[in-house]
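All values reported here derive from a predicted model rather than from experimental measurement. Residue numbers start from 1 in every chain, and the chains themselves are labelled A, B, ... in the order their sequence lines are given, proteins ahead of strands.
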Amino acid sequence: MGKSIDYKKTLNLPRTGFPMRADLARQEPEILKFWDEIDVYKLNCEETKDRPPFVLHDGPPYANGDIHLGHTLNKVLKDIVVKYKSMRGHFSPYVPGWDCHGQPIEHNVEKSLGVHKSEIGQTELRELCRNYALKYVKRQSEQFRRLGVRGDFKRPYLTLDPEYEATNIEIFGKLYERGLIYRGRKPIHWCYRCETALAEAEIEYADETSPSIYVKFPLKSSFAPLREYPQPKYLLIWTTTPWTLPANVAVAVHPEADYVAVEVDGEIYILARVLVEQVFGEAGVANYRTLETFKGGELEKLVCEQPLQDWNSLIVLADFVALDQGAGCVHIAPGHGQEDYMVGLEYDLPTPMPVDDKGFFTKEAGKFGGKHITEANESIIQDLSERNLLLYRTSTVHSYPHCWRCKKPVIFRATEQWFISMDEDTLRRDALKVIGKVSWIPAWSRNRITSMVEERPDWCISRQRAWGVPIPVFYCQVCKRPVVTPDTIKIVCELFKKEGADSWFKKPTGDILPADFTCPDCGGKRFEKEKDILDVWFESGISHFAVLRTRSELTWPADLYVEGSDQHRGWFQSSLLTSVGAEGKAPYKAVLTHGFLVDQEGRKMSKSLGNVVDPLEVMKESGADILRLWVASSDYSVDVAVSPEILKRVSEAYRRIRNTARFLLGNLYDFDPGEHSVAYDDLEEIDKWALLKLHRLLARVTEAYENYRFHLVFHSIHNFCVTDMSAFYLDVLKDRLYTTAPDSKKRRSAQTVLFEVLTNLAKILSPILAFTAEEIWRQIPEGQREKMSVQLCFWPKVVKEYFDEALEKEWDRLHEVRDEVLKAIEFARKEKLVGNSLEAAVTLYASNELYHFLKARKGLLPTIFIVSQVELVEAAPDAAPDDAFRSLELPGLAVLVHRAPGRKCERCWNYSETVGGDREHKTLCARCVKVVRALV
RNA sequence: GGGCCUAUAGCUCAGUAGGUUAGAGCGCACCCCUGAUAAGGGUGAGGUCUCUGGUUCGAAUCCAGAUAGGCCCA
C-alpha cells in the first residue's frame with residue numbers, strides 16, 4: 001500500500017471533443033463544407049418531397065454591393081422559417097432570387113465608363129450591366145451562404161434570365177388585353193442638354209439664382225364676397241420659373257387658410273392673409289386696404305384668365321400650398337411639377353407640354369414658340385409687364401435640381417408614359433377584395449396595405465432607360481397608333497425566351513414581326529419599336545409567375561412572403577397588382593413583415609451617425625451564428641436594434657447555450673441510448689422532472705416557431721439552459737454522474753435524460769443556430785443520431801405523458817424550499833462558516849403540512865441542496881434556535897446552517913462521519929468505498 | 001404635413017379578458033468554488049411601466065393629446 005490511490009481516476013468526469021471556445025469564424029466554413037459535400041439542400045428536398053409543401057417565395061434583393069445588416073435580418077428570418085417548416089413535416093424548397101435590372105446598375109456602369117451612354121451602343125451598355133449584375137449576384141450569393149442560409153443557390157432565379165424576361169411580356173400582354181394598360185402624360189426630371197430622363201438618384205441639388213415674380217391672374221368669375229366692388233380683381237401668384245407659365249392651367253389655394261381681398265390703387269388683389277405684409281413690403285406698396293376676408297375653400301372652381309394663353313385657369317384647392325412665402329396662390333402646370341400633376345389628376349385638368357426634348361418651346365406655347373426656355377423667362381416677364389400683369393419682380397436663391405452628369409439645371413417635363421389603371425377596370429377593387437383573403441402578420445399590416453392600395457395613383461410602368469425589359473409595343477408608322485395584339489405578345493415572348501430581351505434592341509422591327517403583319521387599325525405595314533423599358537417593380541412584381549409557375553418544385557400562390565415593412569409600397573403591392581390583374585387572385589397566402597434596423601437609441605442606421613454594423617465584419621470576428629442568434633433574440637415585428645453592446649450580450653447568451661451543450665456531451669461519452677437507456681418508469685424522480693421541463697420547453701418553443709415569434713424561442717431556450725439545467729439539474733446531477741459506478745442504473749437514468757435534452761436542444765436550435773446545432777450533432781456518435789445532419793431530422797414530438805402535474809407541483813415546492821436554504825447558506829458563507837455548500841449541514845425546522853411534505857422526501861434533500869447532511873425537526877419556526885434563518889417567503893420554515901460533521905471524502909467531496917471507516921480506503925466515505933471496491 | 005407603427009429595469013424580452021408589493025434571463029456588485037475552469041454556483045442592488053390629461057372603486061394594461069423614434073408618402 002503506502003502509496004495513496006488517485007481516486008480522481010475512479011470518477012466519471014466529463015470528456016468531450018466539443019470545445020468551449022467556439023471559434024465560429026473558423027468552425028463555420030468547415031460546417032459549410034460539410035453541408036456542401038452532402039448537399040444538404042438537395043438531400044432535404046429529396047427526403048421531404050412527399051410531404052405537404054410550404055413555399056416561401058424569396059423577394060429578390062438588388063444585385064448591387066455587398067450585403068448589409070438589413071439583408072441579414074431578412075434572409076436569416078426566411079431561413080429560420082424554411083428550416084423549421086421542413087423539420088416540421090413540410091416539403092419546403094427555397095429558391096433565392098436577385099433583382100438584376102434597373103437604374104442604379106445602369107448608373108454605376110455609366111459612371112465607370114466615364115462617357116455618356118449615347119457614345120456607346122445600347123447593346124454594349126446592356127452587356128456591361130449584365131456582367132455587373134452577375135458579379136454581384138455571385139458575391140451576395142456567397143455572403144448569404146456564409147450566413148448559413150440554405151437554399152437552391154446553384155439555381156437561383158434572376159430577373160435577367162431569358163425565361164423570366166419573357167414572363168414580363170406575357171403578363172404585360174394579359175394586362176393589356178384586359179384594358180388595364182394605357183398611355184398618358186406624366187412629368188419627370190429631364191435634362192435638355194443630355195436629352196434624357198433622370199431618376200431621382202441622378203439628381204444633385206445645388207443653389208441657383210432664379211427670377212422671382214408676382215403675377216396678376218385676372219379673376220373672371222364673379223365671387224360673392226366681392227360682388228359689391230367694381231374694381232378689377234386679380235389672384236396674386238408667385239413663381240420662380242416664369243417659363244412654366246405657358247403651361248399653366250390652374251391656381252391652387254389652401255382650403256383652410258384665410259385669404260383677403262386687398263385694394264391697391266384701384267385694383268383688388270387676392271392673396272393669403274398671413275402673407276399680405278410680406279408681399280407688399282417686398283413690392284414696395286405702402287397704401288393698401290383690406291376689404292374682405294374669406295377661406296381659400298370658398299374660391300374653389302372659380303375661373304381666372306390664363307395670362308399667356310387663350311384658355312382659362314381654374315382655381316383649385318391643395319394642402320401643399322405654402323403660407324410662408326409667395327402669396328398663397330400657387331401657379332399650377334401639371335406638365336412641370338409633381339405636385340401640380342397630382343392636383344391635375346384630382347381635378348381632371350389637361351397637361352399641356354409646350355417644351356420639346358431640347359428645351360425649346362413648341363407651337364403649343366403660343367407666341368413664345370421656338371424660343372429656348374432659358375431665354376423665354378425675360379420675354380415672358382417683359383410681356384406680362386407690358387400688359388400690366390406683373391406686380392413685382394426680384395430674384396431669389398434656392399436649392400434647385402441639377403443633372404449629375406452635365407451639372408446643369410434640369411426641368412420637370414411631362415412625357416408620354418405607360419400606366420396601369422387602377423380604376424378603368426376594377427383592379428383596385430379586386431385587389432382590395434383579395435387582400436381580405438390573405439393572412440397579414442402582424443395584423444396592422446393588412447390595414448397598411450389596404451390604405452395604400454386605396455390611395456395609390458395609377459402605376460407608371462415605363463422608364464426611359466436601357467437596362468431592363470422593353471415594353472413590347474409597336475407603333476404603326478402610318479397611323480402612329482400603338483400596336484399590341486395577342487400575336488405580337490406571343491412573338492415577342494417566344495423571342496425573349498430564346499434570345500433574351502437583348503434581341504429587342506439588336507433586331508430591326510422587320511426581323512421581329514412576320515413579313516405579312518399589318519396594323520389592325522389602318523393596315524399599315526411599317527412599325528417602330530417602343531423605346532421605353534418596364535419599371536423594375538413590374539419585373540420583380542411578376543416573380544410569382546416567373547418563378548413559382550415555372551419551377552416544378554414550387555407552388556403558386558406562395559405560402560409566405562417575408563419582407564421589410566417598406567415593401568407594403570413595393571413588392572407586396574407590385575406582386576399583388578400583377579397577380580390580381582392577370583389572375584384575379586393574390587400571389588401569396590400569408591405575408592410576414594419585419595421592421596427596420598435601428599441603433600440602441602432607436603435611430604436609423606446611417607454612415608453619418610456612425611452607427612452602422614457590418615455583418616461581414618461580425619461574421620469574420622464572431623461568426624454567423626452570433627448574427628443569427630441576434631436576429632432570433634429580437635422582436636422583429638417592430639424595429640430591430642443593434643449595437644456593439646447588444647451583440648456582446650448575444651455572444652454571452654450564445655456561450656451559455658454552447659456550454660450547456662458541452663456539459664451534456666461531456667457526460668454522454670460512455671452512453672449509448674440503444675444499449676443503456678432507462679425506461680421512463682424506472683427513471684429517478686428528478687430525471688422525470690427534467691424530462692417534464694424539457695417537454696414543456698418543446699411545447700412552448702414549437703408554438704412560438706409556429707407563430708413566427710422567434711424571440712420567444714430564444715428566450716425560452718436560454719432560460720431553460722440557464723435556470724433549469726445549469727443552475728439546478730446539471731449542478732445537482734454532478735454527484736451522481738461523477739461518483740456512481742459508470743454503468744449504474746442511477747447514472748444511466750441521468751444519461752438517458754441528458755441524451756434526450758441534448759438531441760432535442762440541437763434540433764430546436766437548428767433553425768436558428770444552424771452551425772452550432774450541426775457542430776453539436778456531429779459530436780454524437782454516428783450510430784446514435786437519426787440522420788447525418790440535424791437539419792434532416794423531424795421536429796421532436798411533445799410527449800404529453802411526461803406532464804405529470806403532481807410531480808411538477810411537488811418540485812416547484814421543493815424549489816421554494818431550496819431557495820430558502822440557499823439564502824441561509826449564503827449568510828453562513830458571509831460569516832466564513834462554510835465555503836463550498838458541501839461543507840454545510842442544514843437543519844430544517846418546519847411544522848404541520850410542510851414538515852410532512854419534507855419528511856416524505858428527506859432522502860432527496862441533501863442532493864438537491866447540494867449539502868452533506870439534512871436534519872429535519874418538527875417544530876414551529878419560533879421554536880428554532882435564535883441564529884436560525886427564518887424564511888420570509890415560507891413563513892413556516894426556519895433553517896440552521898452549520899459545518900457538516902465528519903470528514904471530507906477525498907473522492908466525492910461530501911462530508912461524512914463514515915470517512916475513515918474503511919481500512920483500505922481511509923479517505924473515502926462508505927458510499928465511495930462501495931463504488932471503488934466494485935471497480936477493482 | 002398625411003398614413004401606419006413603436007416607447008416596460010443598463011441590454012433583450014414577458015406581462016393572460018384593467019385588480020394584491022410590475023416578472024425573466026443577461027449585464028452589474030459582492031461572495032463561493034476550482035472535478036463544465038477564458039467555465040460553474042450563490043446572494044443582492046436596479047424600473048412606477050416616455051410625458052400630460054381623462055375613463056374607472058382601481059390602469060403598464062382603455063381613451064385623448066404631447067414628446068421621441070421608425071417605415072412609407074407628400
Given side chain to side chain donor-acceptor pair (under 3.5 Å), test A:W459 with A:D535 step by step and report yes or no. CA-CA 10 Å; A:W459 181 4; A:D535 175 15; 3.1 Å; yes

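- Using atom C1' as the reference point in both B:G19 and B:A38, the two lie 49 Å apart (nearest Å).
- With hydrogens and angles ignored, a donor-acceptor pair closer than 3.5 Å exists between the side chain of A:R448 and the base of B:C71.
- Of the listed nucleotides (B:C33, B:U12, B:A36), B:A36 has the atom at the smallest distance from the side chain of A:N659.
- OP1 or OP2 of B:U37 has at least one side-chain nitrogen or oxygen of A:R662 nearer than 4.0 Å.
- Distance from the side chain of A:M20 is smallest to B:A36 among B:G70, B:A36, B:U43.
- For B:U43 and B:U50, the P atoms lie 30 Å apart once the distance is rounded to whole Å.
- A:N611 and A:E601 share no donor-acceptor pair across their side chains, judged by distance under 3.5 Å alone.
- Applying the 4.0 Å criterion to OP1 and OP2 of B:G41, one finds that A:K734 has every side-chain N and O outside that range.
- Taking a centre distance below 5.5 Å and an interplanar angle below 30 degrees as the stacking criterion, A:F320 does not stack against the six-membered base ring of B:A74.
- Contact annotation for A:R907: base contact, defined as any heavy-atom pair under 4.0 Å involving a base atom.
- B:G47 and B:U37: their C1' atoms are spaced 35 Å apart (whole Å).
- Nucleic acid contact for A:E339: sugar-phosphate only, since backbone atoms but no base atoms lie under 4.0 Å from a heavy atom of the residue.
- For A:F663, taking side-chain heavy atoms from C-beta onward, the closest of the listed nucleotides B:A36, B:G35, B:G42 is B:A36.
- Here the nucleotide nearest the side chain of A:K604, chosen from B:U43, B:G35, B:C71, is B:C71.
- B:C57 sits 48 Å from B:A74 when the C1' atoms are compared, rounded to a whole Å.
- Where RNA chain B pairs in unbroken runs of 3 or more (Watson-Crick or G-U, both distances under 3.5 Å), the stems are B:1-7 with B:67-73, B:10-13 with B:23-26, B:28-32 with B:40-44, B:50-54 with B:62-66.
- One finds a salt bridge joining A:E645 and A:R649 here, because a Lys/Arg side-chain nitrogen approaches an Asp/Glu carboxylate oxygen to under 4.0 Å.
- Considering only side-chain atoms of A:R829, the nucleotide from B:G42, B:C13, B:G40 that sits closest is B:G42.
- Atom pair A:K904:NZ and B:G35:P shows a separation of 9 Å (rounding to whole Å applied).
- With respect to A:D625 and A:R658, no salt bridge is recorded, no charged nitrogen being found less than 4.0 Å from a carboxylate O.
- When distances run from any side-chain atom of A:L11 to the nucleotides B:G35, B:G69, B:G3, the shortest one goes to B:G35.
- In this structure, a donor-acceptor pair under 3.5 Å is present between the side chains of A:H568 and A:S445.
- When distances run from any side-chain atom of A:Y738 to the nucleotides B:A36, B:G69, B:U12, the shortest one goes to B:A36.
- The side chain to side chain contact (heavy atoms under 4.5 Å, CB included) test with A:V713 is passed by exactly one of A:I80, A:V701, A:T702: A:V701.
- The separation of B:A39 from B:G27, taken at their P atoms, amounts to 11 Å, rounded to a whole angstrom.
- Geometric assessment of A:R709 against the ring of A:F714 yields a negative cation-pi assignment under the 6.0 Å and 45° thresholds.
- When the C1' atom is used for both B:A29 and B:C13, the distance is 23 Å, rounded to whole Å.
- Closest contact between the side chain of A:S634 and the listed nucleotides B:U12, B:C71, B:A74 involves B:U12.
- Taking the P atom of each, B:C5 and B:A64 are spaced 12 Å apart, rounded to whole Å.
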Per-nucleotide protein contact string for nucleotides 24-29 of chain B, where B marks a base within reach and S marks sugar-phosphate only (heavy atoms under 4.0 Å, - for neither): SSSS--

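- Of all nucleotides listed (B:A14, B:G40, B:G42), B:A14 comes nearest to the side chain of A:D635.
- Each of B:C11, B:C33, B:G70 was ranked by its minimum atom distance to the side chain of A:Q600; first place goes to B:C11.
- Here A:E808 pairs with A:R696 in a salt bridge; the nearest charged N to carboxylate O distance falls below 4.0 Å.
- With hydrogens and angles ignored, a donor-acceptor pair under 3.5 angstrom links the side chain of A:S726 to the base of B:A36.
- The same atom, P, is picked in B:A9 and in B:U52; the two are 16 Å apart, to the nearest Å.
- Screening A:T863, A:L844, A:I864, A:T843 against A:V870 for a side chain to side chain contact (heavy atoms under 4.5 Å, CB included) leaves a single residue, A:L844.
- Residues A:R662 and A:E775 are not paired through a salt bridge, judged by the lack of any N-O separation under 4.0 Å between the basic side chain and the carboxylate.
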